[in-house]
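Report on the structure given below.
Note that this is a predicted model, so its numbers are computed, not measured. Hydrogens, waters and symmetry mates are skipped; everything else that's a heavy atom, side chains included, is used. Proteins come first, then strands; the chains are lettered A, B, ... in the order of their sequence lines, and each starts at number 1.
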Amino acid sequence: MLEPKNMSFYEQVYEVVRLIPNGRVCTYGAIARFLGTGKSSRLVGWAMNNSHQVLPSVPAHRVVNRMGMLSGKAHFPPDYPMQQLLEQEGIQVLNDQVIDFNRLFWDPMKELSIL
DNA sequence: CGATTGACGTACG
DNA sequence: TCGTACGCCAATC
């Protein structure tokens, strides 16, 4: 599990998503490109869909599309909507759109490539 | 087992 | 600048 060789694409997605700092957001494409396959951004969405049963909990609410829109908010539990989870972290959301998305954007390539 | 879809992104007209 | 087409991989029908 700790070996990337044994990790599936979406398992690696979970790891990256867990690394997203509190109050920050990331995109499907950025995660996909960080894992090497920039065109597999849809798989990131599929990974998030399955992340409901994955432990530890994956902060999927911090993952939005390239435009900063909460494209997957409909897939979140009604009790804790995606927007509410983001607002709890101090992220302002208006019309399913993250305010100052460019400033809050956490790029795994940029942040983790340095390591 | 083959066809379609999906929480996306890029390329092209 | 806006709208449409394609790719990517897994899951579902």
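- Dashed line: the shortest gap from a side-chain N or O of A:Y28 to OP1 or OP2 of B:dG6 is not under 4.0 Å.
- Taking atom CD of residue A:Q12 and atom P of nucleotide C:dA10, one finds them 12 Å apart after rounding to whole Å.
- Nucleotides C:dG3 and B:dA7 are separated by 22 Å at their C1' atoms, to the nearest Å.
- Spacing between atom CD1 of A:I20 and atom C1' of B:dA7 amounts to 13 Å, rounded to whole angstrom units.
- Taking the nucleotide of DNA chain B with the nearest heavy atom to each of A:A60 and A:R33, the more 5' of the two is matched to A:A60.
- Contacts of residues 43-53 of chain A with DNA chain C (heavy atom under 4.0 Å): A:L43, A:W46.
- Separating the P atom of C:dA5 from that of B:dT4 is a span of 16 Å, rounded to the nearest Å.
- Surrounding CD of A:Q88 are more than 12 heavy atoms belonging to other residues, nucleotides or ligands, all under 6.0 Å away.
- Using a 4.5 Å heavy-atom cutoff, the side chains of A:V16 and A:F34 are in contact.
- No hydrogens or angles were tested; on distance alone, nothing pairs the side chain of A:R42 with the base of B:dG9 as donor and acceptor under 3.5 Å.
- What separates CZ of A:F34 from P of B:dC8 is a distance of 21 Å, to the nearest Å.
- When distances are taken from the side chain of A:F76 to each of B:dT10, C:dC9, B:dA7, the shortest belongs to B:dA7.
- With respect to the salt-bridge test (charged N to carboxylate O, under 4.0 angstrom), the residues A:E89 and A:R62 qualify.
- The environment of CG in A:N22 is crowded: more than 12 heavy-atom neighbours from other residues, nucleotides or ligands sit within 6.0 Å.
- The CD atom of A:Q83 sits 19 Å away from the P atom of B:dA7 (whole-angstrom rounding).
- Surrounding CZ of A:R66 are at most 12 heavy atoms belonging to other residues, nucleotides or ligands under 6.0 Å away.
- Rounded to whole angstrom, the span from the CZ atom of A:R62 across to the P atom of B:dA7 amounts to 22 Å.
- Rounded to whole angstrom, the span from the NZ atom of A:K39 across to the P atom of C:dG7 amounts to 9 Å.
- Cluster annotation: A:V63 is connected to A:M109 through the hydrophobic network of ILVMFWY side chains, with a link wherever side-chain heavy atoms come within less than 4.5 Å.
- Summarising the geometry, the separation between CD on A:E11 and C1' on C:dC9 is reported as 14 Å, rounded to the nearest angstrom.
- Each of A:S40 and A:Y10 has a nearest nucleotide on DNA chain C; the 5'-most of these lies closest to A:S40.
- A:L35 places its CG atom 13 Å from the C1' atom of C:dC9, with the value rounded to the nearest Å.
- Residues A:I31 and A:L19 are members of one and the same hydrophobic cluster, defined by side-chain heavy-atom contacts under 4.5 angstrom among Ile, Leu, Val, Met, Phe, Trp and Tyr.
- The side chain of A:S71 lies closest to B:dA7, out of C:dC8, C:dA10, B:dA7.
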